[in-house]
Peer 1: 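Handing you this structure, nothing more for now.
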Amino acid sequence: QVQLVESGGGSVQAGGSLKLSCAASGWTGNRHCVGWYRQAPGKEREGVASIYTGGGDGSTTYADAVKGRFTISLANDKKTVYLQMNQLEPEDTATYYCATVPRSCVPLRYKHYFDVWGQGTQVTVSS
């Protein structure tokens, strides 16, 4: 049974940084898409970034809102995915979730493509 556990959320001031972790267990094989999504109160869950673990360089995708500020990466153990968030803005405040599916990645807007989700970690950015 695949499980995902997010960590690393917290409260920071605008312009600050946080690094989120998504630890996976129960994976079989090494070809998975992992996505980071976020949901603010009263808003729909939106894609932030994704990475394919089966590619040699870990193919990545970013939402326009975070390009140049966030970086998704795969740890050397191939079981943890990070989301480094720099230059945080109040608009980044949300609960952040990671999700996975044992296939290649698709555009971030297809959030229902993922079949396992973590419990989420809260990120709060104050101005």
Side-chain angles (χ1 to χ4, degrees):
Q1 181 179 357
V2 177
Q3 291 186 319
L4 301 176
V5 178
E6 302 98 334
S7 61
S11 297
V12 296
Q13 290 192 323
S17 298
L18 284 173
K19 186 173 185 177
L20 305 184
S21 298
C22 173
S25 61
W27 269 346
T28 56
N30 62 356
R31 292 183 169 86
H32 307 269
C33 181
V34 177
W36 279 101
Y37 284 76
R38 65 186 182 186
Q39 188 166 19
K43 294 188 176 182
E44 288 194 7
R45 192 169 297 190
E46 63 176 2
V48 175
S50 65
I51 188 167
Y52 178 56
T53 68
D57 61 353
S59 178
T60 59
T61 301
Y62 296 93
D64 289 344
V66 306
K67 279 180 183 176
R69 300 189 298 122
F70 291 11
T71 303
I72 190 170
S73 61
L74 181 64
N76 290 337
D77 67 0
K78 307 294 186 185
K79 295 184 185 299
T80 302
V81 173
Y82 300 114
L83 185 68
Q84 176 68 47
M85 306 186 295
N86 299 328
Q87 302 172 47
L88 283 161
E89 303 167 353
E91 293 74 21
D92 296 316
T93 295
T95 301
Y96 284 70
Y97 301 88
C98 64
T100 190
V101 64
R103 294 188 290 276
S104 299
C105 290
V106 297
L108 288 167
R109 63 182 180 273
Y110 298 114
K111 55 183 176 287
H112 298 296
Y113 178 72
F114 295 91
D115 53 18
V116 177
W117 291 79
Q119 83 289 350
T121 185
Q122 178 67 36
V123 171
T124 302
V125 184
S126 58
S127 57

Peer 1: Apply side-chain contact (heavy atoms from CB on, under 4.5 Å) to residues Y97 and K111 and explain how you reach the verdict.
Peer 2: CA-CA 11 Å; Y97 301 88; K111 55 183 176 287; over 6 Å; no
Peer 1: May I ask you to test the M85-L20 pair for a side-chain heavy-atom distance under 4.5 Å?
Peer 2: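 Yes, close enough: below the 4.5 Å cut-off.
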Peer 1: What's the verdict on side-chain contact (heavy atoms from CB on, under 4.5 Å) for Q84 and S17, showing C-alpha distance, side-chain angles and the deciding distance?
Peer 2: CA-CA 8 Å; Q84 176 68 47; S17 298; 4.0 Å; yes
Peer 1: So, the side chain of T100 versus the backbone of C33: is there a donor-acceptor pair under 3.5 Å, distance only?
Peer 2: yes
Peer 1: Would you call R31 and P102 a side-chain contact if the rule is heavy atoms closer than 4.5 Å?
Peer 2: no
Peer 1: Can you tell me how far the OG1 atom of T95 sits from the CZ atom of R45, to the nearest 0.5 Å?
Peer 2: 8.5 Å
Peer 1: With a 4.5 Å cut-off on side-chain heavy-atom distances among I, L, V, M, F, W and Y, is there a chain of contacts connecting I51 to L83?
Peer 2: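 Yes; L83 is reachable from I51 via cluster members.
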Peer 1: Ignoring hydrogens and angles, tell me if any N or O in the side chain of T121 forms a donor-acceptor pair with the backbone of G9 under 3.5 Å.
Peer 2: yes
Peer 1: Would a 4.5 Å heavy-atom cut-off, applied to side chains only, mark E46 and Q39 as touching?
Peer 2: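 When only atoms from C-beta onward are counted, Q39 and E46 do not touch, as no gap falls below 4.5 Å.
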Peer 1: Among the clusters formed by ILVMFWY side chains lying less than 4.5 Å apart, do V66 and Y37 turn up in the same one?
Peer 2: no
Peer 1: Show, in sequence, the C-alpha distance, side-chain angles and deciding distance for V34 and W27, and conclude whether the side-chain contact (heavy atoms from CB on, under 4.5 Å) test is met.
Peer 2: CA-CA 12 Å; V34 177; W27 269 346; 3.6 Å; yes
Peer 1: With a 4.5 Å heavy-atom cut-off, do S50 and L108 have their side chains touching?
Peer 2: yes
Peer 1: For L88 and N86, run side-chain contact (heavy atoms from CB on, under 4.5 Å): C-alpha distance rounded to whole Å, both residues' side-chain angles, the deciding distance at 0.1 Å, then the answer.
Peer 2: CA-CA 5 Å; L88 283 161; N86 299 328; over 6 Å; no
Peer 1: Compare every heavy atom of A94 with every heavy atom of A40, then report the nearest pair and how far apart it is.
Peer 2: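 Between these two residues, the closest heavy atoms are N-CB, 3.8 Å.
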Peer 1: Determine whether the aromatic ring centres of residues W36 and F70 are separated by less than 6.0 angstrom.
Peer 2: no
Peer 1: Treat each ILVMFWY residue as a node, draw an edge where side-chain heavy atoms are under 4.5 Å apart, and state whether V5 and V101 are in one component.
Peer 2: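 No, V5 does not connect to V101 through the hydrophobic network.
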Peer 1: Spell out, as yes or no, whether a donor-acceptor pair under 3.5 Å connects the side chain of Q3 to the backbone of S25.
Peer 2: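 No, Q3 side chain to S25 backbone: no donor-acceptor pair under 3.5 Å.
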Peer 1: Measure the spacing between OG of S127 and CD of E91 and express it to the nearest 0.5 Å.
Peer 2: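 S127 OG to E91 CD: 9.0 Å, rounded to 0.5 Å.
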Peer 1: Can you tell if the side chain of F114 reaches within under 4.5 Å of the side chain of V116, non-hydrogen atoms only?
Peer 2: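 The answer is no; the side chains never approach within 4.5 Å.
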Peer 1: Can any side-chain N or O of Y62 pair as donor or acceptor with the backbone N or O of I72 at less than 3.5 Å?
Peer 2: yes
Peer 1: Treating Ile, Leu, Val, Met, Phe, Trp and Tyr as nodes and any side-chain heavy-atom pair under 4.5 angstrom as an edge, say whether Y82 and L4 lie in one connected cluster.
Peer 2: no
Peer 1: Between E6 (side chain) and C98 (backbone), is there a donor-acceptor pair under 3.5 Å?
Peer 2: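 Here the side-chain-to-backbone pair exists.
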Peer 1: Does the T53 side chain pair with the main chain of H32, one donor and one acceptor, at a distance under 3.5 Å?
Peer 2: yes
Peer 1: Mark yes or no for whether D64, through its side chain, and K67, through its backbone, hold a donor-acceptor pair below 3.5 Å.
Peer 2: no
Peer 1: Could you go through R38 and Y96, starting from their C-alpha distance and side-chain angles, then the distance that decides it, and tell me whether this counts as side-chain hydrogen bond (donor to acceptor under 3.5 Å, both in side chains)?
Peer 2: CA-CA 4 Å; R38 65 186 182 186; Y96 284 70; 3.0 Å; yes
Peer 1: So do R103 and Y113 actually touch side chain to side chain, heavy atoms under 4.5 Å?
Peer 2: yes
Peer 1: Determine yes or no for a side-chain-to-main-chain donor-acceptor pair under 3.5 angstrom, with Q122 supplying the side chain and G10 the backbone.
Peer 2: no
Peer 1: What's the spacing between Q119 CD and S7 OG if we round to 0.5 Å?
Peer 2: 8.5 Å
Peer 1: When hydrophobic residues are tied together by side-chain contacts of less than 4.5 Å, even through go-betweens, does V48 share a cluster with L74?
Peer 2: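 Linked, V48 and L74 end up in one cluster.
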Peer 1: How far apart are the closest heavy atoms of G47 and A63, and which atoms are they?
Peer 2: O-CB, 3.4 Å
